[in-house]
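Quick notes on the structure that follows.
Here the structure is a predicted model, which is why all the values come from computation and not from measurement.
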Amino acid sequence: MEDERKEEKKMGSKIEMVFRVSGFVLCFVAAIVVGLNEQTTVLPLTLSLDLPPLDFTLTAKWYYLSALGYLLATNVIACSYSFISLFFLLKDTSNDNILVLLVIILDTVMVALLFSSSGAAAAVGVIAYHGNSHVQWNKVCDIYGRFCIQVAASTVLSLAGAVVFMLLVVLATVGLQKRPS
């Protein structure tokens, strides 16, 4: 019976390690993708049919939109936390209930941060893709296609990271349920 419990604990620890490394990688890549996101394009503007068009150079950068700044910040926070929490996993924390509870709470905070920032970025992305005729906001993804694709990719990676942290919370909760009193 004791051997089975130790084997279950070892397997649970390996699964948690895989989830934490996955969370780190997903959040790290999402932060890099959004942090390096920039696109410059040249738009010709015709003022008169008799004159040649004027070329305007326009640039889109991630820090022009606060939702993308929030997405970057939350992914950096989650990535850093995931890296630090790996050290807690390597240390035997089975007898430290306060540390286990703290990790569960921080995992839950990461879930909330990542889902909220992904939602904010997705909302901005939908407006950039479709525009909003009611407030006269034009589509911009037809001008900044690569920029919009990178925002979408970073948002999906961040959502995947949120799901990984949510699975960590579920795994920890199940582990607490199985712990002897």
Discussion item. For residues 29-59, which residue pairs pass the disulfide bond (SG atoms under 2.5 Å apart) check, not counting sequence neighbours?
Written reply: none
Discussion item. Once salt bridge (Lys or Arg N to Asp or Glu O under 4.0 Å) is applied, what residue pairs with a partner in residues 55-69 remain, sequence neighbours excluded?
Written reply: none
Discussion item. If you define the side chain from C-beta out and look only at heavy atoms, does anything of Val34 sit under 4.5 Å from Asn75?
Written reply: no
Discussion item. Can you tell me how far apart CD1 (Ile143) and CG (Leu58) are? Round to the nearest 0.5 Å.
Written reply: 7.0 Å
Practice prompt. Would you give the length of the straight line joining atom CE of Met17 to atom OG of Ser22, rounded to the nearest 0.5 angstrom?
Written response: 11.5 Å
Worksheet item: So which of Leu26, Ile32, Val25 actually passes side-chain contact (heavy atoms from CB on, under 4.5 Å) with Phe28?
Response: Ile32
Worksheet item: Which pair of heavy atoms, one from Gln39 and one from Phe147, lies closest together, and at what distance?
Response: OE1-N, 2.8 Å
Practice prompt. Heavy atoms only: give me the nearest Val111-Ala162 pair and the separation to one decimal.
Written response: CG2-O, 3.9 Å
Discussion item. Going by disulfide bond (SG atoms under 2.5 Å apart), name the pairs with one or both residues in residues 23-72, residues two or more places apart or in two chains.
Written reply: none
Item to complete: Using ring pair (Phe, Tyr, Trp, His ring centres under 6.0 Å) as the criterion, list what pairs up with Phe19, not counting sequence neighbours.
Response: none
Worksheet, complete the sentence: Nearest heavy-atom contact between Phe115 and Val163 is CZ-CG2, 4.3 Å
Worksheet item: Within a strict 4.5 Å, meaning less than it, do heavy atoms of the Phe24 and Ile84 side chains meet?
Response: no
Worksheet item: Side chains of Thr59 and Thr40: do they bring a donor and an acceptor to under 3.5 Å?
Response: yes
Fill in: Distance in Å, Leu168 CG paired with Leu106 CG, rounded so as to fall on 0.5 Å steps
12.0 Å
Worksheet item: Can you get from Val156 to Met166 by hopping between Ile, Leu, Val, Met, Phe, Trp and Tyr side chains that sit under 4.5 Å apart?
Response: no
Item to complete: Report the distance from atom CG of Leu99 to atom CD1 of Ile104, rounding to the nearest 0.5 Å.
Response: 10.0 Å
Item to complete: Report whether Val21 and Leu171 are members of the same hydrophobic cluster (ILVMFWY, side-chain heavy atoms less than 4.5 Å apart, transitive linking).
Response: yes
Worksheet, complete the sentence: For residues 98-162, the disulfide bond (SG atoms under 2.5 Å apart) pairs (sequence neighbours left out) are Cys141-Cys148
Worksheet item: Would you say Leu47 has more than 12 foreign heavy atoms packed within less than 6.0 Å of its CG?
Response: yes
Worksheet item: With a cut-off of 6.0 Å (strictly less than), are more than 12 heavy atoms of other residues, nucleotides or ligands near CZ of Phe83?
Response: no
Practice prompt. Would you give the length of the straight line joining atom CG of Leu71 to atom OG of Ser158, rounded to the nearest 0.5 angstrom?
Written response: 5.0 Å
Discussion item. Please find the pair of heavy atoms, one from Pro44 and one from Pro53, that lie closest to each other, and give the distance.
Written reply: CB-CB, 4.0 Å
Discussion item. Please find the pair of heavy atoms, one from Leu114 and one from Gly161, that lie closest to each other, and give the distance.
Written reply: CD1-C, 3.8 Å
Fill in: Main-chain N/O of Ala78 paired with Ser82 side-chain donor or acceptor, under 3.5 Å
no
Discussion item. Would a single hydrophobic cluster contain both Leu159 and Ile77, if residues Ile, Leu, Val, Met, Phe, Trp and Tyr are joined by side-chain heavy-atom contacts under 4.5 Å?
Written reply: yes
Worksheet entry | Cluster link Val140 to Leu68, ILVMFWY, side chain under 4.5 Å | yes
Worksheet item: Is there side-chain contact between Val42 and Phe56, with heavy atoms separated by less than 4.5 Å?
Response: no
Worksheet item: Can you tell me how far CZ of Phe165 sits from CE of Met110, rounded to the nearest 0.5 angstrom?
Response: 7.0 Å
Discussion item. Quick test of your reading: applying side-chain hydrogen bond (donor to acceptor under 3.5 Å, both in side chains), list the pairs with at least one residue in residues 122-146, sequence neighbours left out, ordered by first then second residue.
Written reply: Arg146-Gln150
Discussion item. Could you check whether Tyr70 and Ser116, counting side-chain N and O atoms only, form a donor-acceptor pair closer than 3.5 Å?
Written reply: yes
Worksheet item: Are Leu45 and Leu51 co-members of a hydrophobic cluster defined by side-chain heavy atoms under 4.5 Å apart?
Response: no
